[in-house]
Amino acid sequence: QVQLVESGGGLVQAGGSLRLSCTASGRTFGNYAMGWFRQAPGKEREFVAAISWVGLTTYYVDSVKGRFTISRDNAKNTVYLQMNSLKSEDTAVYYCAADRSARPSESSTRYDYWGQGTQVTVSS
């Protein structure tokens, strides 16, 4: 079992920045690919970014490319999502997830463990 806890969400003005963190406990963190997803009110959960277990491969949804950066520190069992130039449409609950296959994926069905989510609200 892997337990994931997100932090770093909050209220920010459009154009601002936030850094989300997701800390894992339990099994070996470094063997898992990690992903960030988000869910806005009334919408389905959508993929945001993913990173391989080594950290060399990353994927992003087109709407965040050039603004968001996913990274990880396996020594700290933590994955990060740096979010810059935030827009009102980025408002959502953000979830981190772990995939035992170690290969990053955009599909939520590939992920085995999920955090409880952290709210990000961007005011315009």
Original post:
When rounded to the nearest 0.5 angstrom, what distance separates OG in S107 from CG in D99?
Top reply: 9.0 Å
Original post:
Is a donor on one side and an acceptor on the other found under 3.5 Å between the side chain of Q39 and the backbone of V93?
Top reply: no
Original post:
Minimum heavy-atom separation for Q82 to S17, with atom names?
Top reply: NE2-CB, 4.0 Å
Original post:
To the nearest 0.5 Å, what is the distance between CH2 (W36) and CD (E46)?
Top reply: 14.5 Å
Subject >> No-hydrogen, no-angle side-chain donor-acceptor test under 3.5 Å, S123 and Q13 >> reply: no
Subject >> With sequence neighbours excluded, residues passing ring-ring contact (aromatic ring centres under 6.0 Å, His included) with Y111 >> reply: F37
Original post:
Quick one: OG on S21 to CG on D73, what's the gap to the nearest 0.5 Å?
Top reply: 10.5 Å
**OP:** State the CZ-OG distance between F47 and S63, to the nearest 0.5 angstrom.
**Re:** 10.0 Å
**OP:** For the residue pair F68 and Y94, categorise the inter-ring angle as parallel (less than 30°), tilted (30 to 60°) or perpendicular (more than 60°).
**Re:** tilted
**OP:** Might you point out which heavy atoms bring Y113 and L4 nearest each other, and give the distance in Å?
**Re:** O-CD1, 3.5 Å
Subject >> side-chain contact (heavy atoms from CB on, under 4.5 Å) evaluation trace for T69 with L81 >> reply: CA-CA 6 Å; T69 302; L81 186 67; over 6 Å; no
**OP:** Determine whether R45 and R38 make a side-chain contact, defined as any pair of heavy atoms from C-beta on separated by less than 4.5 Å.
**Re:** no
**OP:** Determine which pairs satisfy disulfide bond (SG atoms under 2.5 Å apart) with at least one residue from residues 54-124, sequence neighbours left out, and list them in order.
**Re:** C22-C96
**OP:** Give a yes/no verdict on a cation-pi contact between R103 and W53, requiring under 6.0 Å between NZ or CZ and the six-membered ring centre and an angle within 45° of the axis.
**Re:** no
Original post:
Any cation-pi pair here, R100 with Y32, using under 6.0 Å and within 45°?
Top reply: no
Original post:
Between Y80 and M34, is there a shared hydrophobic cluster once you connect ILVMFWY residues whose side-chain heavy atoms come closer than 4.5 Å?
Top reply: no
Original post:
Do side-chain atoms of E6 reach the backbone of Q116 as a donor and acceptor pair under 3.5 angstrom?
Top reply: yes
**OP:** Report whether L20 and V64 are members of the same hydrophobic cluster (ILVMFWY, side-chain heavy atoms less than 4.5 Å apart, transitive linking).
**Re:** yes
Subject >> Listed partners of R67 passing side chain to side chain donor-acceptor pair (under 3.5 Å), at least two apart >> reply: D90
Subject >> Side-chain touch M83/R19, heavy atoms, less than 4.5 angstrom >> reply: no
Original post:
So, do V79 and I51 sit near enough that their side-chain heavy atoms are less than 4.5 Å apart?
Top reply: yes
Original post:
Backbone N or O of R110 within a donor-acceptor pair of the S105 side chain at under 3.5 Å?
Top reply: no
**OP:** Quick one: pull up CZ in R72 and OG1 in T58 and give me the separation to the nearest 0.5 Å.
**Re:** 12.0 Å
Subject >> Check: K76 main-chain N/O paired with T78 side-chain donor or acceptor under 3.5 Å >> reply: yes
**OP:** Might you point out which heavy atoms bring P104 and A33 nearest each other, and give the distance in Å?
**Re:** N-CB, 3.6 Å
Subject >> Backbone of T121 reached by a side-chain donor or acceptor of T91 within 3.5 Å >> reply: no
**OP:** Could you tell me which non-hydrogen atom of Y60 sits nearest to which non-hydrogen atom of I70, and how far apart they are?
**Re:** OH-N, 2.9 Å
